[in-house]
Amino acid sequence: MKPLIIALALVLAAPLPAAASAHPRPPRDLRQLAQQNGINIGSAVDVAVLRDEADYRKVLNREFNQVTAENAMKWESVEPQRGVYTWDDADALVESARRNHQQVRGHTLVWHNQLPAWLTTGVEDGSIDATELRAILRDHITTEVRRYKGKIRAWDVVNEVVEEDGTMRQSIWLKHLGPGYIADAFRWAHRADPHAKLFINDYNLEWNAPKIETTLSIVKDLQAQGVPIHGIGFQGHLGIQYDYPADWANVMRRFADLGLEVAITELDVRMVLPVTPEKLATQATYYSRALTDCLSVKACREMTVWGFTDRHSWVPGWFEGEGAACLLDENLAPKPAYQALLTVKRPR
Ligand code: 9MR
């Protein structure tokens, strides 16, 4: 053999350096982090901002391999008047995701908030009775899920159906349709897009025992009836003034043990203002612990943040004196939490 061929043969036969597989290069951004770990890392998106702000668009598409509409797929957004559908924003997001190779989380089909006024008023004044309400819900789910058939990886089918004390939320759905509305919603969604993963989604489920137990029994009950439910969404709205929910990974595992996919669907970590370096450091540990918890549970396939920049976050508008909950600041500069995420490793 000629020396060159021998050299080539040696190179080809040599095993990959162990370091290359055991310790992949540190990821340069969240997209690469997601890819190295085989999960989706997503963000909620404000579609008006997506249209208007080029820097926001650039960061979103560089960093995230999944998106959720922060508001654009909610009922009041898509059917503000009865029978009048406004899909522009939702369509725009789905199209932007396609162009940028991002998967989409659909949010949300059945909720007690952000319902159109025609619906809530009609139920209150009795002009919409229970039979009609059930048909309206079925049509809403069918119309929306069908519209995005094949384009939505996962749907938050029912959102926040359990109260803090573990009782079922007294929404117009429970009051007028009875608890069976949950099974109906999943069945209708499944019929409209058999490939979409169907989730039940809630907040404080990271730690609130009564909520956890009730949600587990809802899932078991649905499974016993053969209802197509595939995933549990933990919203993950955290604050550094509260302890990190230390048992979260175990809670995730209890749902995973029922055969569900697990997702963190709305992660953010708020703080009491003003921002200090110490608070940012604490926030960084909350974000990285959340990702570590997800990675420690095989069934956890997604971590979505509820907005990625403090320039546009729901937090200051809802919690007086609090804010700075996102990974990037108002100028889109990465905060310590962003850097911390890039160093997270899947626990062995
Ligand atoms: O971030 C959303 C905000 O812009 C809306 O005004 C608000 C209305 O209730 O909903 C926010 O998103 C919520 C999500 O849809 C469900 N979980 C809680 C989120 C934060 O309130």
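Quick note: residue numbers are just sequence positions, from 1. Values below: all heavy atoms of this structure, side chains included; hydrogens, waters and symmetry mates excluded. All ligand and atom numbering here is 1-based and tracks the order in the structure.
Relative ring orientation between Phe308 and Tyr56 is described as tilted, the plane-to-plane angle lying within the 30° to 60° band. The aromatic rings of Phe234 and Phe255 sit perpendicular, their planes meeting at an angle over 60°, well past the 30° parallel limit.
With sequence neighbours left out, the side chain to side chain donor-acceptor pair (under 3.5 Å) criterion links Glu76 to Gln114.
Cation-pi geometry between Arg147 and Tyr85 is not met: the NZ or CZ atom fails to fall both under 6.0 Å from the ring centre and inside 45° of the normal.
Contacts of ligand 1 (protein heavy-atom distance under 4.0 Å) are Glu70, Asn71, Lys74, His107, Trp111, Gln114, Asn159, Glu160, Gln235, His237, Glu266, Trp306, Trp314, Trp318.
Ion pairing between a basic and an acidic side chain is recognised when a charged N comes within 4.0 Å of a carboxylate O; Asp202 and Arg169 show no such pairing. With respect to Arg57 and Glu53, no salt bridge is recorded, no charged nitrogen being found less than 4.0 Å from a carboxylate O.
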